[in-house]
Amino acid sequence: MPYPFHEIEPKWQTYWDDHKTFRTEDYSGKPKVFILDMYPYPSGAGLHVGHPEGYTATDILCRYKRMKGFNVLHPIGWDAFGLPAERFAMQTNIHPRITTERNINTFRRQIKMLGLSYDWDREVDTTDPDYYKWTQWIFLKIYNSWYDYRVNKARPVDELVKEFEAVGCSKIDCSLYCGDDHCCFTADGWKQMNRIEQHNVLKNFRLCYIAEIPVNWCEGLGTVLANEEVAEWTEKGYTVERRPMKQWMMRITAYAERLLEDGKELDWPASTVEQQTNWIGRSEGAEIDFPVSGTDAKIRVFTTRPDTVFGATYMVLAPEHPLVETLTTAEQRKAVDDYRNQAKLKSELERGIETDKTGVFTGGYAVNPATKQNIPIWIADYVLMGYGTGAIMAVPGHDERDWEFARKFSLPIVEVVAGGNVQEAAFSNNENGVAVNSSNDEVSLNGLSVADAKKKIIEWLSEKGIGKGKVQFKLRDWLFSRQRYWGEPIPIIHLEDGTLKALSENELPLRLPDLQKFQPSGTTESPLALATDWVNIVDKETGLKGRRETNTMPQWAGSCWYYLRYLDPKNDNEIFSKEKEKYWMPVDLYVGGSEHAVLHLMYARFWHKVLYDLGYVSTKEPFMKLRHQGIILGENSKKMSKSLGNVVNPDDVVKEYGADALRMFEMFMGPLEEMKPWSTRGVEGVFRFLNRVWRLYVDDAGNLDPDIKDVPPSADVERVYHATVKKVGDDIERLSFNTAIAQMMIFVNEVMKSETKPRQVLEPFIKVLSPFAPHIAEELWQKMGHTVTLAYESWPSFDPAKLEETTVEVVLQVNGKVRSKISVAKDTSEHDLETLTLADENVRRHIDGKKIAKKIVVKNKLVNIVVK
RNA sequence: GCCAAAGUGGCGGAAUUGGUAGACGCGCUGGACUCAAAAUCCAGUCCGGCUUACACCGGGUGAGGGUUCGAGUCCCUCCUUUGGUACCA
């Protein structure tokens with residue numbers, strides 16, 4: 001008969017619930033630790049076996065830390081806005097609120113079934129108006145802030161207005177905001193502007209703004225997607241097209257440098273930090289203006305190799321570049337128009353697949369500012385409008401792409417860095433090269449290293465006002481709006497005079513209106529556009545008619561700050577109390593899937609930094625230590641999927657083997673971070689172990705085994721016990737749960753072998769087991785005669801002296817090969833070891849008649865005799 | 001193509017600092033208990049050779065090379081797998 005997990009698991013879950021065993025006190029005298037799980041999206045399919053993996057790992061750590069005397073914050077909640085619920089609503093007209101609630105209830109039941117020690121009084125739900133009120137509040141904070149590059153932080157727009165009133169924009173580098181410096185104004189100039197004019201100046205500064213840009217429109221989903229999201233949905237078979245649309249953007253680019261810099265200090269998986277680094281894509285170089293021949297226009301390019309400017313023999317603009325229109329000559333008009341139309345039809349993806357270079361000549365020429373020569377201007381789709389300035393100076397001698405293009409269209413190739421053969425291939429990997437053919441009347445780079453040449457040419461360009469050093473990022477601003485119903489409404493009103501008006505804080509939450517139908521509006525607007533009563537309003541302050549923003553926030557919004565709401569989840573007056581934030585933050589350990597490496601984890605860091613700048617949080621970074629749990633594959637080592645029929649349902653596993661067995665198996669499978677296949681046999685293995693544990697303590701009648709007595713343990717049992725306490729503790733700290741479980745198995749095997757059942761080791765062993773298998777542990781603890789939960793019992797200590805064996809096995813090697821093993825007293829001297837080795841029969845066989853060249857003796861470990 | 005991580009028995013994996021490779025579990029083989037089965041318990045299990053047996057010998061951590069008394073662990077080259085990225089100027 002297997003042990004009665006069916007009875008004891010619900011029993012203890014009820015006990016923990018009734019006693020609020022895991023409720024966390026703020027400001028207890030104990031040291032704090034904040035251990036966070038990535039909260040789930042409560043899908044209709046229920047929990048899958050991937051969820052318990054990360055959740056059990058953190059649960060074990062939390063239960064261990066409680067026993068070690070820590071005040072542990074370990075909350076859970078629901079990332080419940082999202083597309084699946086809305087798509088279901090489109091098909092059924094059942095309100096997503098209803099399906100969401102149903103799914104949350106399922107998830108909550110399943111999570112409780114696993115015995116996870118969350119503080120359920122801190123549960124959050126992103127779709128709850130009491131929660132999204134604060135998501136909207138943060139949106140307003142971001143909207144009402146601007147990034148002050150002088151002090152490198154976000155500041156309230158109010159302060160900017162005060163500065164404008166005092167000194168105009170004289171102290172601000174406007175080019176960082178509106179992109180040109182012709183609009184500058186004095187204090188008087190500011191005061192003379194009307195409301196609309198002032199509004200239009202400020203919108204260039206806000207961290208949140210509306211822009212008309214080419215976005216990723218997904219017809220199938222009826223919404224736009226952020227660049228970061230495109231891959232996910234195209235993989236699922238949706239098509240995404242580029243389309244210019246007015247969308248809300250967040251100026252995450254202002255934080256590029258800090259996201260990069262602060263990321264270096266985090267205890268995160270290196271690959272995750274690197275993914276973010278790559279996504280941010282910092283490169284140093286220069287912006288250079290190339291005058292267009294015969295006009296006043298200039299083409300601005302970004303290059304990382306300003307030192308090669310003398311080798312720029314032509315220019316290339318992206319087909320969408322605004323100057324193409326004016327540059328194109330009559331003869332080239334048709335070819336250019338054809339090419340541009342072709343390029344428009346091609347998606348980014350198609351552009352990427354084609355490696356063959358294409359392009360057409362515009363007929364226009366620019367002047368290379370270094371050589372003063374006329375160089376032709378082409379358009380080609382290998383230049384992307386979205387990066388840099390959408391235009392390049394082409395240096396075919398030292399850039400592979402330019403070289404290919406020049407070859408194909410017979411454009412001149414000039415060597416400006418010596419060391420390669422530019423007629424045969426671009427010499428681009430030339431950081432050790434020396435500049436040549438690079439001089440004019442004013443400046444010469446010849447003979448300089450690449451690094452020095454860069455420095456010198458940037459100086460010259462700056463002096464002449466034709467260029468300057470520049471750091472360019474691949475990161476773009478975050479496309480923040482979605483054409484959906486089931487998301488947080490954006491608390492903004494579009495007034496009839498064309499201005500935007502943000503709601504004030506006391507108007508929050510701006511609730512979603514109830515809809516009867518959830519189909520797309522038929523235009524590119526969200527279904528909210530059809531809720532006319534909700535959408536159309538009259539602004540009380542100005543009397544102007546207005547229309548509410550019909551876009552909603554992306555799913556990431558709620559998860560950008562949920563960890564903060566856990567600190568003070570019921571606070572109606574403020575987002576969270578500052579004192580509580582100071583006490584609990586930062587998150588000490590965050591565990592979740594690596595699929596969020598650049599999305600959630602970067603957006604959350606961004607919001608956190610804005611809140612930090614504005615003084616609402618006290619740490620620069622939210623998540624100090626991050627670990628990813630690996631994906632669990634199906635039994636056939638393939639990704640779990642319905643179509644392959646290899647999906648494992650945690651409900652079934654718990655029904656058959658119990659939650660403790662499921663938890664233990666998921667931890668025993670292998671290292672937390674690795675991908676690993678499911679194995680039903682493996683579950684049975686740990687289930688067998690739990691049954692052995694049960695039989696160790698409980699007799700056939702279900703009572704505490706009378707053989708458990710106050711008898712001294714054997715030397716072996718005692719040693720293994722102390723080793724187990726040490727190893728399990730150490731392994732939990734290292735999140736190395738598989739080896740901790742192996743050690744517990746060794747302990748149980750050892751006690752089973754022994755004649756006696758000494759209470760003095762068996763009782764504390766229950767505590768060691770309890771983080772992993774809390775239900776069976778509580779039950780055994782009770783059978784031992786205890787009346788309250790063991791959750792706050794202190795973790796057993798071990799005696800280092802007891803760990804040490806009095807005799808050790810020493811390996812005897814000849815030429816590095818093991819020839820014999822001897823058992824000697826611990827700390828036998830090196831001299832004695834050597835003597836013993838040379839006397840060993842088997843060693844002698846291998847050294848007799850040979851010359852001993854060297855003897856290596858490592859105390860308590862080995863002796864190696866080297867012979868020739 | 002580029003970047004990163006990883007390759008260990010029949011399988012999942014262990015070896016934390018360069019020092020006994022294969023802990024622990026699964027599976028398999030044999031045995032005990034049983035009318036029988038399940039469950040449980042005991043023994044064995046990297047591959048090969050030799051042996052009645054104890055033992056002993058050879059090989060072995062993706063491949064090849066190197067450093068070292070000694071390498072799964074460090075270095076070089078290559079192969080494979082997984083993840084990320086893809087004309088980013």
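Computed over heavy atoms, backbone and side chain alike; hydrogens, waters and symmetry mates excluded. Chain naming here is simple, since letters A, B, ... match the order of the sequence lines and numbering starts at 1 in each.
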Student: At their closest point, which heavy atom of A:H398 faces which heavy atom of A:F427, and how far apart are they?
Tutor: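 Scanning both residues, the minimum pair turns out to be ND1-O, 2.8 Å.
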
Student: Fill in the dot-bracket string of RNA chain B, one character per base: . for unpaired, | for a pair to another strand, ( ) or [ ] for pairs within the strand, taking Watson-Crick or G-U pairs under 3.5 Å.
Tutor: (((((((..(((......[....)))((((((.......))))))((((......))))..(((((..]....))))))))))))....

Student: Among B:C26, B:U16, B:C87, which nucleotide has an atom closest to any side-chain atom of A:R681?
Tutor: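 Nearest to the side chain of A:R681 among the choices is B:C26.
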
Student: Mind checking A:I746 for me? I need base, sugar-phosphate or nothing, with any heavy atom below 4.0 Å counting as a touch.
Tutor: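 Sugar-phosphate contact only.
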
Student: Evaluate the ring planes of A:Y657 and A:F687, with Trp represented by its six-membered ring, and classify them as parallel (under 30°), tilted (30 to 60°) or perpendicular (over 60°).
Tutor: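 Because their plane-to-plane angle is over 60°, the rings of A:Y657 and A:F687 count as perpendicular.
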
Student: Shorter than 3.5 Å, N or O on both sides, protein versus nucleotides 69-73 of chain B: list them out with atom names.
Tutor:
unit_1 : atom_1 : unit_2 : atom_2 : d
B:C69  : OP1    : A:K854 : NZ     : 3.1
B:C69  : O2'    : A:N864 : ND2    : 3.3
B:C69  : O2     : A:N864 : ND2    : 2.6

Student: Is the shortest side-chain N/O distance from A:K817 to OP1 or OP2 of B:G59 below 4.0 Å?
Tutor: yes

Student: Distances for protein N/O vs nucleotides 1-3 of chain B N/O pairs under 3.5 angstrom?
Tutor:
unit_1 : atom_1 : unit_2 : atom_2 : d
B:C3   : O2'    : A:E274 : OE2    : 2.4

Student: Can you sort out which residues in residues 664-672 of chain A have a heavy atom within less than 4.0 Å of RNA chain B? Ascending by number, please.
Tutor: A:F668, A:M669, A:P671

Student: Are the side chain of A:N815 and the backbone N or O of A:V867 linked by a donor-acceptor pair below 3.5 Å?
Tutor: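 Yes: the side chain of A:N815 pairs with the backbone of A:V867.
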
Student: Is A:K861 touching bases, backbone alone, or none of the nucleic acid, heavy atoms closer than 4.0 Å?
Tutor: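 Sugar-phosphate, backbone atoms only, no base.
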
Student: Which ones in residues 625-634 of chain A lie close to RNA chain B, meaning a heavy atom under 4.0 Å from one of its atoms?
Tutor: none

Student: Scan residues 274-286 of chain A for pairs that pass salt bridge (charged side-chain N to carboxylate O under 4.0 Å, His left out), counting only residues two or more places apart or in two chains.
Tutor: A:E257-A:R282, A:R282-A:E284

Student: Students often get this wrong, so: under 4.0 angstrom with heavy atoms, is A:N842 touching a base, only sugar-phosphate, or nothing?
Tutor: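 Touches sugar-phosphate only.
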
Student: With a 4.0 Å cutoff (strictly under), does any side-chain N or O of A:N738 reach OP1 or OP2 of B:G12?
Tutor: no

Student: Between A:D840 and A:K821, does any NZ, NE, NH1 or NH2 come within less than 4.0 Å of an OD or OE carboxylate oxygen?
Tutor: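 Result for this pair is no, no salt bridge flagged.
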
Student: Base, sugar-phosphate, or nothing: which does A:K753 touch, judged by heavy atoms less than 4.0 Å apart?
Tutor: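 Nothing, no heavy atom under 4.0 Å.
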
Student: Between C1' on B:A89 and NE2 on A:H321, what's the gap in Å once rounded to a whole number?
Tutor: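 Going from A:H321 (NE2) to B:A89 (C1'), I get 13 Å.
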
Student: Round to the nearest Å and state the distance from A:L384 atom CG to B:A86 atom P.
Tutor: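 Distance check: A:L384 CG to B:A86 P gives 11 Å.
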
Student: Applying a 4.0 Å non-hydrogen cut-off, can you work out what A:S594 is touching in the nucleic acid: base, sugar-phosphate, or nothing?
Tutor: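 It contacts nothing in the nucleic acid.
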
Student: Return yes if the base of B:U20 and the side-chain atoms of A:E809 contain a donor-acceptor N/O pair under 3.5 Å, otherwise no.
Tutor: yes

Student: Mind checking salt bridge (charged side-chain N to carboxylate O under 4.0 Å, His left out) for A:E287 and listing every partner two or more places apart, or none if nothing turns up?
Tutor: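 For A:E287, the residues satisfying salt bridge (charged side-chain N to carboxylate O under 4.0 Å, His left out) (neighbours in sequence not counted) are A:R300, A:K470.
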
Student: Touch check for A:R734, heavy atoms < 4.0 angstrom, all strands: base, sugar-phosphate only, or nothing?
Tutor: base

Student: Which part of the nucleic acid, if any, lies within reach of A:G682 when heavy atoms closer than 4.0 Å are counted: base, sugar-phosphate only, or nothing?
Tutor: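 Contact class for A:G682: none.
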
Student: Go through the structure and list residues passing salt bridge (charged side-chain N to carboxylate O under 4.0 Å, His left out) with A:D705, not counting sequence neighbours.
Tutor: A:K757

Student: By salt bridge (charged side-chain N to carboxylate O under 4.0 Å, His left out), which residues pair with A:D399, not counting sequence neighbours?
Tutor: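 For A:D399 the salt bridge (charged side-chain N to carboxylate O under 4.0 Å, His left out) partners, ignoring immediate neighbours, are A:R401.
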
Student: Between A:T724 and A:Q743, do the side chains contain an N or O donor and an N or O acceptor separated by less than 3.5 Å?
Tutor: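 Side-chain D/A pair, A:T724 to A:Q743: present.
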
Student: Side-chain donor or acceptor of A:K474 under 3.5 Å from a matching atom on the base of B:U85?
Tutor: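 Answer no: no donor N or O sits under 3.5 Å from an acceptor.
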
Student: Describe the nucleic acid contact of A:S679 in one word from base, sugar-phosphate, nothing, applying a heavy-atom distance below 4.0 Å.
Tutor: nothing

Student: Which nucleotide, B:A89, B:U20, B:A4, lies nearest any side-chain atom of A:V818?
Tutor: B:U20

Student: Would you mind listing every salt bridge (charged side-chain N to carboxylate O under 4.0 Å, His left out) that reaches into residues 726-735 of chain A, with sequence neighbours excluded?
Tutor: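 Applying salt bridge (charged side-chain N to carboxylate O under 4.0 Å, His left out) to every pair that reaches into residues 726-735 of chain A, excluding sequence neighbours, yields A:K65-A:E733, A:K726-A:D730, A:K727-A:D731, A:D731-A:R734.
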
Student: Would you kindly give the NZ-to-C1' distance between A:K676 and B:A14, to the nearest whole Å?
Tutor: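 In whole Å, B:A14 C1' and A:K676 NZ are 15 Å from each other.
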
Student: When you check the phosphate oxygens OP1 and OP2 of B:C41, does a side-chain N or O of A:R692 lie under 4.0 Å from one of them?
Tutor: yes

Student: Among residues two or more places apart or on two chains, list those pairs meeting salt bridge (charged side-chain N to carboxylate O under 4.0 Å, His left out) that have a residue in residues 844-856 of chain A.
Tutor: A:E834-A:K855

Student: Do A:W378 and A:F405 touch side chain to side chain, with heavy atoms closer than 4.5 Å?
Tutor: yes

Student: Select one nucleotide: of B:A89, B:U40, B:C24, the one nearest the side-chain heavy atoms of A:N749.
Tutor: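 The answer is B:C24, which lies nearest to the side chain.
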
Student: Using a heavy-atom cut-off of 4.0 Å across all strands, would you classify A:R819 as base, sugar-phosphate, or nothing?
Tutor: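 Sugar-phosphate, backbone atoms only, no base.
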
Student: Please report the interatomic distance CD(A:E635) to OG1(A:T680), rounded to the nearest 0.5 Å.
Tutor: 3.5 Å

Student: Return the nearest nucleotide to the side chain of A:K821; candidates are B:U20, B:C24, B:U16.
Tutor: B:U20

Student: State which residues pass side-chain hydrogen bond (donor to acceptor under 3.5 Å, both in side chains) with A:R663; sequence neighbours excluded, sorted by chain then number.
Tutor: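 Here the qualifying residues are A:D59.
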
Student: State which of B:U40, B:A89, B:C87 makes the closest approach to the side chain of A:D381.
Tutor: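 Of the options given, the side chain of A:D381 lies nearest B:C87.
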
Student: Under a 90° cut-off about 0 for the syn range, is B:G12 syn or anti?
Tutor: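 What B:G12 shows is an anti base, its glycosidic angle lying more than 90° from 0.
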
